[in-house]
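Encoded as C-alpha cells, the structure appears first; notes follow it.
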Amino acid sequence: MRAYADNDYPADHKPDWKVIAGLWPYLAEFRGRVMLALGFLVFSKLATVATPFALKYIVDYLDQNRSGDILTWIPVLLVVAYGLLRFGSTLFSELRDAVFARVAERAMRRVSLRVFEHLHNRELAFHLDRKTGGLARDIERGTNGISFLLRFTLFNIVPTLLEILLVAGILFVVFNVGYVLAILVAVVVYVVFSIKVTEWRTKYVREANARDNQSNSRAVDSLLNYETVKYFNNERFEAELYDQDLDDWEQARLKNRLSLAALNSGQALIIGAAMIVIMAMAVQEVASGEITLGDFTMINAYLLQLFIPLNALGFVYREIRQALVNVERLFGLLGDEPVIEDAPSAKALVVEKGDVRFDHVHFGYRPNRQILRNVSFSIPAGHTVAVVGASGAGKSTLARLLFRFYDVNQGSITIDGQDIREVTQDSLRSAIGVVPQDTVLFNDTLFRNLAYGRPDASEEEVYQAARMAHLEQFIHSLPDGYNTQVGERGLKLSGGEKQRVAIARVILKNPPLLILDEATSSLDSLSEQAILGALKEVSRQRTSLVIAHRLSTTRDADTILVMEGGRIVESGNHVELLGQKGHYARLWEQQHRIGDDVVRQAPDHGPWP
Ligand SMILES: Nc1ncnc2c1ncn2[C@@H]1O[C@H](COP(=O)(O)OP(=O)(O)OP(=O)(O)O)[C@@H](O)[C@H]1O
Ligand SMILES: [Mg+2]
C-alpha cells in the first residue's frame, strides 16, 4: 500500500500532460454539446478578429471626409457594425460557456462520485493512515482542476493560438512582414518567459498547497479531539501548534505571491516593449504616408486585443500546470489498487449452516509485529464461541479478520468450507452482523441511524428493533424522540445508548453470522441482562463470535477461548475451564472477588444458550 502523505510529490515533480488524455471520456459523453460550443467559439473569434477592421474603416472614412459638412449614413453603419461585432464576440463566447458548462459540471460530478466510491473500496488500513482534512482538500482541488482543464485547454489555449495566427496573417496580408515578425518575436519571448518563470515558481505553489493541507489536517484533527483538548487544558498548546502550521503556510503563500508578482511584471514589461516597437513602426509609416490613420488604429486595436488573451495565456498556463498536478493527484488516489480485492473468480458466499473455521491463522498489521500466532478454532453452525483475554491480546483482530478488513498472513478462514478470500466482499459482509467495540454514529437523526442497519426497512421494523434493543424508553424520554439529532459521531448519546443503537442496527440487518465485540460493555448489569436476553433471541440458531471482558456474560457460551499474546491458551466450556485451574480460573476468581467487593454481584447465569 502506498502511504498517503502530504509530500507524495517531490518539489521538482513535473505535471504529467498525459493526464489530459484521461479527460476524454468525460467529453465524449456530450459530443453534441462540445461541437456546438466549438461552433460558438469559432463565431466569437471571427467577430473578434473582424472588429478592428470596422474601426479602421470608420477612422479612414472620417479622415478622408474631414472637410465634408454632412454626416452621411456610411460612418453610422460602420459604427453600428463595429458595435455589433463587439457584442457578437462577447455573446458567442458566453453562449459557448453556457453550452459547455454542463459538460464540465457533469465531469466534476462523475469524478467526485468515482473518488467517493473508490475511497469506500479502499481497505481499512488506508483509512486509518490517511488525514481526512488533507484528503478532502485534495478531492476539492482535483475536481476543480478537472473543470478548469476541460474549459481552458479547449477554450483558451487553442483559440488564443488560433487568434494569434489569424492576426499575424491579416497583418502580413494588409501590411508588411515587419509587423508579423515583431509580433511573433514578442509572442515567443512572452510564452518562453511565462513558461520558464512558471516552472520556477511551481515549487512555491506546491509548497503553499502542502502547507495548506497540513494546517487544515491539523485543525480538523484538533477539533475532532475537542473533548480531549479540554480534559488536558491544551487549548493554548493546540493553538500554538496550529499557529506554527499557519506560519509555514503564511511564508509559503508569501513566496507564492512574490513570485507571482515577478511573473506578472515581467509579462507586462515584454508586452510594453512590444507595443513600443510596433507602434513606433506604425507611427513612422503613417508619417511617411505609407499607411492610413485607419490602419494605425487597426494595428493598435489588434495589439491590445492580442495581448489580452496572451496575458491570460500566462495565467492559464500556470493554472493548467497546477490543475494538472491536482488532477494527477486525484487520479493517483483513484489509481491505487485496493489491497483487499475480490478474487477474479470470487463467487457469492453461500451460508447454508454457518460453520466458521479459523485454520492456523497468523497475522500482523505490520510485517514487524506479529499479532496472531497460529490461531485455530471453529464455531460450529448455530453455536456461540466466546473469546476472553487481556486487552491487546488480539480479540478484536479476530473479528476484523473474519469481516475481512485485513487478509491473514498465513492460514485461512472459512465459512461453510468457503475461504473468505474466494468469495465477494459484498456477500461476505452482508452475511455478518457486527456490534463493534466503539460505535460511531452518523451526524443525523436517531431514526436514520437506526435504520442504517437496513435502509429499506419499514418504520415499524425500525421501531421493533429499537424495542428489542431496549431503546424505546430512552427514545420516548427525548423531546424530539426518533428525530433527535445525535451529534457528530453520535457524541450526544451516552456510551450505552450508542451501543444499543448498534445492537438495534444488527437486529434490523438480521444476518446469519454475528460478531459481538464487547457489545454490552458500556451497559449497567441490569440493562445488560435485558439486552443479553434480546441478543440471545437474535443469536439463536446463528453462529456467533462473542468478545467480552466480563466473564459472567460469556459463561454459557458453547466454547470459551482464552487468548493471550495472540495465542489461544485455553479453550473449553465454563465448567471445563474452571476445572483446568489455569488462566481462566484465575480470571474468574479475580472478577468474582472484585464483583463481590466493589461492583454489583455479577448475575449467576449468562444468557448464552
Ligand atoms: N490498525 C492497526 N495497526 C497496527 N496495530 C494494531 C492495529 N489495530 C490494532 N493493533 C494492535 O493489535 C493488537 C491487538 O489489538 P486488538 O484490537 O485485537 O486487541 P483486543 O484484544 O481487542 O483488546 P481490547 O480488549 O483492548 O479491545 C494491539 O496490540 C493493537 O495495538
Ligand atoms: Mg478489542
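Read the numbers this way: they start at 1 and go in the same order the structure lists the ligands and their atoms. These numbers come from a predicted model, not from an experiment.
Residues E459 and F447 come closest through the heavy atom pair CG-CZ, 3.5 Å.
Remark: minimum distance from atom 22 (O) of ligand 1 to any protein heavy atom is reached at S396 OG, 2.7 Å. Scanning the protein for heavy atoms near atom 26 (O) of ligand 1, the closest one is S391 OG, 2.6 Å. The protein heavy atom nearest to atom 25 (O) of ligand 1 is K395 NZ, 2.7 Å. The nearest protein atom to atom 10 (N) of ligand 1, hydrogens excluded, is given as Y365 CE1, 3.3 Å; this is a heavy-atom distance. Scanning the protein for heavy atoms near atom 13 (C) of ligand 1, the closest one is I371 CD1, 3.7 Å. The nearest protein atom to atom 23 (O) of ligand 1, hydrogens excluded, is given as G392 N, 2.8 Å; this is a heavy-atom distance.
The aromatic rings of F363 and Y365 stand perpendicular to each other, their planes meeting at an angle above 60°, with 30° marking the opposite boundary. Note: Y482 and Y463 have tilted aromatic rings, judged against thresholds of 30 and 60 degrees for the angle between ring planes.
Around the Mg ion (ligand 2), the protein contributes the following N, O or S atoms under 2.8 Å, ordered by chain and number: S396 OG, Q437 OE1.
Side-chain contact check for H549 and E518: at least one donor-acceptor pair (N or O, by modelled atom type) lies under 3.5 Å.
With sequence neighbours left out, the salt bridge (Lys or Arg N to Asp or Glu O under 4.0 Å) criterion links E207 to R211. Applying the salt bridge (Lys or Arg N to Asp or Glu O under 4.0 Å) test to D426 and every residue at least two apart in sequence or in another chain returns nothing.
The shortest distance between side-chain heavy atoms of L402 and I415 falls below 4.5 Å. With a 4.5 Å cut-off on side-chain heavy atoms, V361 and I413 count as touching.
Contacts with ligand 1 closer than 4.0 Å are made by no heavy atom of M563, backbone or side chain. Counting heavy atoms under 4.0 Å from ligand 1, residue Y406 touches it through the side chain alone.
Those atoms of ligand 1 that come under 4.0 Å of a heavy atom in H549, given as number and element, are 25 (O). Contact atoms of ligand 1 toward A393: 21 (O) (distance under 4.0 Å to a heavy atom of the residue). Close contacts of ligand 1 with R400, meaning ligand atoms under 4.0 Å from a residue heavy atom, involve 8 (N), 9 (C), 17 (O). Proximity to Q437 (heavy-atom distance under 4.0 Å) selects the following atoms of ligand 1: 24 (P), 27 (O).
One option in E564, Q370, E518, R369 has a heavy atom closer to atom 11 (C) of ligand 1 than any other, and that option is R369. One option in V387, L124, T397 has a heavy atom closer to atom 16 (P) of ligand 1 than any other, and that option is T397.
Some N or O of G394 is nearer than 3.5 Å to an N or O of ligand 1, by distance alone.
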Problem set entry | Worked check of salt bridge (charged side-chain N to carboxylate O under 4.0 Å, His left out) between D359 and R357 | CA-CA 6 Å; D359 196 15; R357 177 181 294 276; 5.8 Å; no
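Ion pairing between R421 and D419 holds under the 4.0 Å rule for side-chain N and carboxylate O. Between E460 and R467, at least one side-chain N (NZ, or NE/NH1/NH2) sits under 4.0 Å from a carboxylate O, which counts as a salt bridge.
When the options V388, L398, T397 are evaluated for a side chain to side chain contact (heavy atoms under 4.5 Å, CB included) with M563, the one that passes is L398.
Sorted pairs that involve residues 232-252 and meet ring pair (Phe, Tyr, Trp, His ring centres under 6.0 Å), not counting sequence neighbours, are lacking altogether.
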